[in-house]
Amino acid sequence: TRFASSDFTLAQMIALSLMPNIPGRGYSSRELLFTVFDYLEKSGKSFLLVLDDFDSFLSGVRSRFFTDLLKISEEYEGRVKVILILIGIEDVSRKVKDSWATSFFWRIGRSFKPYSAEEISFILKDRVELSFNENSVDDSLVYMMGRMTERFGYGSARYGIELLLTSGLNASYEGSSKVVPEHVREAQYRIESIITPEDLKTVFSQDPE
């Protein structure tokens with residue numbers, strides 16, 4: 001849900017994932033959800049829907065997506081099976097405005113420790129080997145991104161992966177065969193706009209332990 005800016009865009013993303021040829025315009029978010037359920041009923045398919053960062057989505061928009069989804073699910077009860085998993089840093093149920101809807105939540109409380117710089121670096125190095133050309137990202141740069149993630153991303157693997165991805169896109173846009181510190185600085189600025197060039201130099205100058 002990180003890239004969804006409204007109920008409509010979220011419903012559109014879900015609909016397009018199932019029906020790539022559905023028109024992009026001319027529907028409301030509720031109409032798109034009904035179209036999704038019609039498709040599932042006619043195709044006889046079940047649907048597992050996992051919405052990550054859903055607490056952030058609910059905080060950023062005035063959403064009725066969850067309650068609309070529940071009401072439509074009830075209309076198709078016995079005909080369409082949908083399993084909905086909502087993931088968030090905060091308790092998602094507290095973000096839902098309709099009190100009746102919170103009774104549908106089955107909460108699983110689980111705490112995860114933030115990754116350390118070394119752990120993030122290990123994760124990012126694996127992604128580099130899978131997705132980047134050989135020798136295009138130095139190990140020292142990977143470790144730098146690990147330290148930045150530990151400090152600015154609170155140890156979130158997603159933050160580190162986005163930093164790596166955006167850095168690679170910056171390098172590609174410039175026609176560079178290698179990712180350099182400037183690409184990382186620009187990537188971090190785009191993600192959060194909180195780091196200065198001086199901060200980056202400080203992190204990059206520190207040798208891996």
Side-chain angles (χ1 to χ4, degrees), residues 1-5 9-10 12-14 16-17 20 48-61 83-92 95 108-209:
T1 59
R2 176 165 295 197
F3 302 104
S5 58
T9 53
L10 179 54
Q12 184 183 54
M13 290 166 64
I14 294 169
L16 288 172
S17 70
L48 172 62
L49 178 60
V50 181
L51 299 177
D52 199 3
D53 287 327
F54 197 61
D55 57 328
S56 297
F57 173 77
L58 293 178
S59 297
V61 301
I83 299 175
L84 177 62
I85 299 176
L86 305 177
I87 302 172
I89 296 175
E90 299 181 52
D91 185 347
V92 177
K95 302 287 185 179
I108 300 177
R110 196 83 181 267
S111 298
F112 296 94
K113 293 182 179 179
Y115 287 108
S116 66
E118 290 76 13
E119 291 169 330
I120 290 291
S121 300
F122 180 81
I123 293 171
L124 296 183
K125 190 172 181 180
D126 182 63
R127 296 301 193 279
V128 168
E129 292 175 356
L130 289 172
S131 307
F132 285 76
N133 293 329
E134 188 175 359
N135 299 322
S136 61
V137 185
D138 292 338
D139 287 349
S140 59
L141 203 63
V142 171
Y143 185 76
M144 182 188 76
M145 284 186 264
R147 291 184 63 86
M148 291 171 66
T149 300
E150 182 182 54
R151 179 178 175 186
F152 298 106
Y154 305 101
S156 167
R158 184 184 296 108
Y159 185 99
I161 292 170
E162 287 190 1
L163 189 62
L164 174 64
L165 171 62
T166 309
S167 300
L169 291 174
N170 288 340
S172 178
Y173 179 77
E174 292 184 1
S176 174
S177 61
K178 294 196 68 172
V179 177
V180 298
E182 181 63 18
H183 296 142
V184 180
R185 184 194 69 78
E186 293 174 356
Q188 205 281 339
Y189 180 80
R190 289 183 181 182
I191 293 172
E192 210 167 319
S193 300
I194 61 171
I195 190 171
T196 66
E198 290 71 24
D199 289 328
L200 185 63
K201 290 176 182 178
T202 300
V203 176
F204 189 69
S205 65
Q206 297 182 15
D207 297 327
E209 296 176 359

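In this chain, residues are counted from 1 in sequence order.
Taking a cutoff of 4.0 Å between a charged side-chain nitrogen and a carboxylate oxygen, Arg185 and Glu182 qualify as a salt bridge.
Every side-chain contact (heavy atoms from CB on, under 4.5 Å) that Ser136 has, sequence neighbours left out, goes to Phe132, Asn133. A search for salt bridge (Lys or Arg N to Asp or Glu O under 4.0 Å) contacts involving Asp126 returns nothing, not counting sequence neighbours.
The minimum heavy-atom distance linking Arg127 with Ile161 is given by the pair NH2-CD1, 3.8 Å. Nearest heavy-atom pair, Ala157 versus Ile123, reported as atom, atom and distance to 0.1 Å: CB-CD1, 4.3 Å. Contact detail for Ala171 and Lys178: the closest heavy-atom pair is CB-O, 3.8 Å. Closest approach of Val184 to Ser167, counting heavy atoms only: CA-OG, 3.3 Å. Scanning both residues, His183 and Val179, for their nearest heavy atoms gives ND1-CA, 3.6 Å. Residues Tyr115 and Glu150 share a closest heavy-atom pair of O-CG, 4.4 Å.
Looking only at side-chain heavy atoms (C-beta outward), Tyr154 and Tyr159 stay at 4.5 Å or farther from each other. The shortest side-chain heavy-atom distance between Leu51 and Leu10 falls under the 4.5 Å cut-off. Side-chain contact check for Gln188 versus Leu163: some heavy-atom pair is nearer than 4.5 Å.
No donor-acceptor pair under 3.5 Å is formed between the side chain of Ser172 and the backbone N or O of Gly168.
Put simply, CD on Glu119 and CG on Leu124 are 12.0 Å apart, with the number rounded to the nearest 0.5 Å.
A side chain to side chain contact (heavy atoms under 4.5 Å, CB included) with Val128 holds for exactly one of Leu141, Asp139, Val137; it is Val137.
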